Amino acid sequence: MKKNDFKMTEQNIYSYMSPDNIKVEVFLSPLLFEYLEESSLKQLLDASELPGVIPPVIGMPDIHEGFGLPIGGVLATDGNDGIISAGAVGMDINCGVRLINTDIDYGDIKDELPKLLEKITSSVSPGVGGKTKYLKAKSLDIQNVLEQGVPYLIRQGFGNMEDLDHIEDGGVISEGDSSVLSHEAVKRAKEQLATLGSGNHFIEICLLETDFNQKEANDLGINYGKVCFLIHTGSRGIGHQVCTEYMDRMKKALKKDRQPLPTKGLAYAEIKSPLGREYFSAMAAASNFAFANRQLLTTAIEEAIGCKTNLIYDVPHNIAKFETIDNQKLLVHRKGATRAFPAGHSALAKKFKNTGQPVIIPGTMGTGSYIMLGTENLRRTFYSVNHGAGRQLSRKQAKKSITKKQFKQMMNGIEMSIPGVKNVIDEAPQAYKDVDEVVNTLCDIGLTKKIARLRPIGVIKG
DNA sequence: ATGTTC
């Protein structure tokens with residue numbers, strides 16, 4: 001397979017039929033296709049060869065090379081007799097984004113912004129290996145967090161019951177089982193609750209601006225002109241631990257059964273097998289940790305700003321879930337891809353039945369992010385959209401080619417709480433694709449529509 | 001993404 005074997009068959013859709021007759025579809029504008037590396041397409045093709053795949057295997061507009069499945073990859077398998085792959089979910093299980101609104105005007109916090117960022121930073125432990133500093137989180141029972149997710153936290157006073165309608169899956173995946181987790185996995189969870197992490201994780205303070213569709217924005221509770229917070233983090237060490245352990249076990253089990261071995265990142269188990277079910281329980285527990293983590297960062301922010309916030313929505317973008325389409329039970333692996341159920345979808349909470357679920361697409365810390373809604377046309381992507389802008393430079397390339405001066409220019413006027421410019425230069429806006437080009441790829445073909453744009457005014461990075 | 005080399 002060569003990159004040019006992918007042909008544009010419809011506007012912004014490039015297709016390829018694999019030798020096994022599994023269709024691979026990548027959603028890209030011609031410009032994004034031009035810049036795409038062939039290795040990502042090869043990874044989609046490798047995934048198409050797994051048993052029980054329900055086509056098409058999909059690449060999103062923010063696709064880039066990952067480990068096993070590319071970031072921006074969607075892989076659906078038969079939910080009864082298919083397979084599950086730890087690597088196709090990824091290391092940071094239930095990495096996701098949450099948007100919270102406030103009634104605060106920019107003018108009211110403008111002068112205090114540096115102090116405010118410092119205050120939040122001190123309670124959310126940014127950085128690799130960050131351990132819990134948010135004192136209230138230390139008294140929580142980790143087993144309950146892993147098995148009961150956000151509903152448990154709400155019973156402990158972190159948020160209110162209404163929040164549950166504003167979190168995908170109500171903030172808990174019921175199959176979460178802490179008893180299958182290794183001692184190491186539980187230990188890392190216990191030490192890292194309510195921490196931000198590193199890499200592309202962040203807390204941003206933004207202004208909600210640009211009126212695309214006032215009525216739908218109102219229906220979603222979006223306050224134009226007001227200050228909001230965007231939280232991007234996941235399951236931290238426990239997700240990493242679970243993925244590493246089960247990828248290894250899946251690989252060994254395949255070898256023992258003399259099954260053809262894909263790359264390690266695509267090692268899999270049958271969903272029905274004890275190992276497949278065990279991984280799902282472990283993945284669900286790590287997911288519950290991640291939902292809880294974002295809930296706790298929310299209350300930590302509320303305490304720093306001294307007022308309550310309003311949760312708009314919380315979306316995972318690294319997760320595998322059982323979903324039914326046309327009466328067919330599927331397991332949809334989304335790795336760097338966001339679920340986007342449109343208006344009328346039966347799985348939505350009542351308050352989002354008429355609008356569809358809000359979809360949060362972070363762009364870059366210098367340029368901005370989008371709130372979107374999906375349309376029924378998303379059926380062809382198993383109701384999935386991109387999860388961000390997507391990298392255009394690897395971390396290594398970014399560190400080599402972007403200067404401090406260029407970075408500071410892009411971040412002009414945006415307050416930062418960071419561990420030094422050189423430590424976050426691989427997260428510079430220039431390291432990412434143009435978020436407008438990426439977002440427009442699905443908008444232009446009627447799969448999504450824009451509701452609001454978020455302009456960053458402050459950022460916390462680990 | 002990640003106690004960034006079990």
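Model, not experiment: these values are computed from the prediction. Lettering of chains follows the sequences in order, A, B, ..., and the numbering in each one begins at 1.
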To the nearest Å, how far apart are Lys461(A) NZ and dT2(B) P? 10 Å
Do the charged groups of Lys399(A) and Glu427(A) touch, with an N to O distance under 4.0 Å? no
Between Glu191(A) and Lys187(A), is the closest basic N to carboxylate O distance under 4.0 Å? yes
Ring geometry between Phe202(A) and His232(A) (parallel below 30°, tilted from 30 to 60°, perpendicular above 60°): perpendicular
What does Gln192(A) touch in the nucleic acid at a heavy-atom separation under 4.0 angstrom: a base, only the sugar-phosphate, or nothing? sugar-phosphate
What is the separation between atom CG on Asp92(A) and atom C1' on dT4(B), rounded to the nearest whole Å? 14 Å
Touch class at under 4.0 angstrom, heavy-atom based, for Thr244(A) against every strand present: nothing
Of Val128(A) and Met91(A), whose closest DNA chain B nucleotide lies nearer the 5' terminus? Met91(A)
Whole angstroms only, please: what is the CZ-P distance between Arg236(A) and dT4(B)? 12 Å
Could you state the CD1-P distance from Ile238(A) to dT2(B), rounded to the nearest angstrom? 13 Å
Spacing between His201(A) atom NE2 and dT2(B) atom C1', to the nearest angstrom: 10 Å
Length of the line joining Leu196(A):CG and dT2(B):C1', which is rounded to integer Å: 14 Å
Enumerate, atom names and distances included, each donor-acceptor pair closer than 3.5 Å involving a side-chain atom of residues 269-277 of chain A, sequence neighbours excluded.
{"residue": "Lys272(A)", "atom": "NZ", "partner": "Asp81(A)", "partner atom": "OD1", "Å": "2.7"}
{"residue": "Ser273(A)", "atom": "OG", "partner": "Glu270(A)", "partner atom": "O", "Å": "2.6"}
{"residue": "Ser273(A)", "atom": "OG", "partner": "Gly276(A)", "partner atom": "N", "Å": "3.0"}

Rounded to whole angstrom units, what separation is found between the CG atom of Asn293(A) and the P atom of dT2(B)? 10 Å
Could you check how far CG of Asp426(A) sits from P of dT4(B), rounded to whole Å? 16 Å
